[in-house]
Amino acid sequence: FRDAIPLPLFSVDDERIVQYANDAVCKLTGHTKEEVIGKLKGFEMLNYPSVEVCEVCKPVAEVVVPNKQPWEGEVKFHHTNGEERFVIASAFPVLDQKGEILEVIIMLQDITELRQNQNIIEKQANTLRTAVSTINEITELLASASEELSAQVEETSKGAEFQKES
């Protein structure tokens, strides 16, 4: 059934060693099946330097394993080429008949492009806010200058009328 799932998918045993990895997860991480299956731990497959910094490992260890419940969250990791990747990770425990965990299946949904687009939109929004703020400041300066100019014109007009009357 696992090979039929198009999303990146892998599983780890109770020692966190990768037991299964589909082609999609290999493409997403930059590893080959030969490199990971039976050799790497889950955090190594996601190119984390250690389990302590692995954004998926902590919830798996603290939620999935002790509670035998699924977990889902957004995490960041790096492809083997160093590219930053963002995914929605879903971890599901597979239990035996006694209720013990046989393995944990982790499915990833790549949202890197979405995150990159959000960053672009955020930068453009900041640029727009700065431009609007600058326009508001210029508008205030122009209004102030216009008031001063009107006052000067009025003074000049009064002076001209005074000279006519004299």
- Taking side-chain contact (heavy atoms from CB on, under 4.5 Å) as the test, write out the residues that go with Leu40, two or more places apart. His31, Val36, Glu44

- Message: Whether the side chain of Thr139 engages the backbone of Ile135 through a donor-acceptor N/O pair (distance < 3.5 Å, no angle test) should be reported.
- Response: yes

- Item | Hydrophobic cluster membership, Leu108 vs Ile17, 4.5 Å side-chain cutoff | no

- Test salt bridge (Lys or Arg N to Asp or Glu O under 4.0 Å) applied to Glu84 - qualifying residues, sequence neighbours left out: Lys76

- Does the side-chain contact (heavy atoms from CB on, under 4.5 Å) test come out yes or no for Ile37 and Tyr20, once each step is laid out? CA-CA 6 Å; Ile37 296 174; Tyr20 172 83; 5.5 Å; no

- Item | Minimal non-hydrogen separation, Pro6 against Ala24, with atom names | O-CB, 3.5 Å

- Mind checking side-chain contact (heavy atoms from CB on, under 4.5 Å) for Lys98 and listing every partner two or more places apart, or none if nothing turns up? Asp96, Glu100

- Note on the structure: Applying salt bridge (Lys or Arg N to Asp or Glu O under 4.0 Å) to Lys39 and not counting sequence neighbours gives none

- side-chain contact (heavy atoms from CB on, under 4.5 Å) between Leu28 and His79, worked out: CA-CA 7 Å; Leu28 181 65; His79 186 279; over 6 Å; no

- Task: Go through the steps for Leu95 and Ile101 under the test side-chain contact (heavy atoms from CB on, under 4.5 Å), then give the verdict.
- Result: CA-CA 4 Å; Leu95 308 176; Ile101 295 178; 3.5 Å; yes

- Query: How far apart are the closest heavy atoms of Ala89 and Val75, and which atoms are they?
  - Reply: CB-CG2, 4.1 Å

- Query: For residues 120-137, which residue pairs qualify under salt bridge (charged side-chain N to carboxylate O under 4.0 Å, His left out), counting only residues two or more places apart or in two chains?
  - Reply: none

- Task: Report the residues that fulfil salt bridge (Lys or Arg N to Asp or Glu O under 4.0 Å) with Asp13, sequence neighbours left out, ordered by chain and then residue number.
- Result: none

- Message: Which residues pass the side-chain contact (heavy atoms from CB on, under 4.5 Å) test with Ile120, not counting sequence neighbours?
- Response: Asn117, Gln124

- side-chain contact (heavy atoms from CB on, under 4.5 Å) filter on Asp23, not counting sequence neighbours, yields Lys33

- Message: Please check this pair: side chain of Glu147 against backbone of Ser144, looking for a donor-acceptor N/O pair closer than 3.5 Å.
- Response: no

- With sequence neighbours excluded, what pairs up with Gln109 under the side chain to side chain donor-acceptor pair (under 3.5 Å) test? none

- Item | Within one Ile-Leu-Val-Met-Phe-Trp-Tyr cluster: Val94 and Met107, side-chain cutoff 4.5 Å | yes

- Between Cys26 and Thr32, the two heavy atoms sitting closest are SG-C, 3.8 Å

- Note on the structure: Between Leu7 and Asn22 the two heavy atoms that sit nearest each other are O-ND2, 2.8 Å

- Working to the nearest 0.5 Å, report the span between CG of Leu128 and OG of Ser133. 11.0 Å

- ILVMFWY clustering at 4.5 Å (side-chain atoms), partners of Val153: none

- Cluster membership besides Phe86, Ile/Leu/Val/Met/Phe/Trp/Tyr side chains within less than 4.5 angstrom, sorted by chain and number, is Ile88, Ile111, Leu114

- Message: Could you check whether any side-chain heavy atom of Thr29 comes within less than 4.5 Å of a side-chain heavy atom of Phe77, counting everything from C-beta outward?
- Response: yes

Just distance, no hydrogens or angles: give the donor-acceptor pairs under 3.5 Å from side chains in residues 60-72, sequence neighbours left out.
residue: Asn67; atom: ND2; partner: Val63; partner atom: O; Å: 3.4
residue: Lys68; atom: NZ; partner: Gly99; partner atom: O; Å: 2.9
residue: Glu72; atom: OE1; partner: Ser90; partner atom: OG; Å: 2.8

- Query: If you measure from CZ on Phe92 to CD on Glu103, what distance do you get to the nearest 0.5 Å?
  - Reply: 12.5 Å

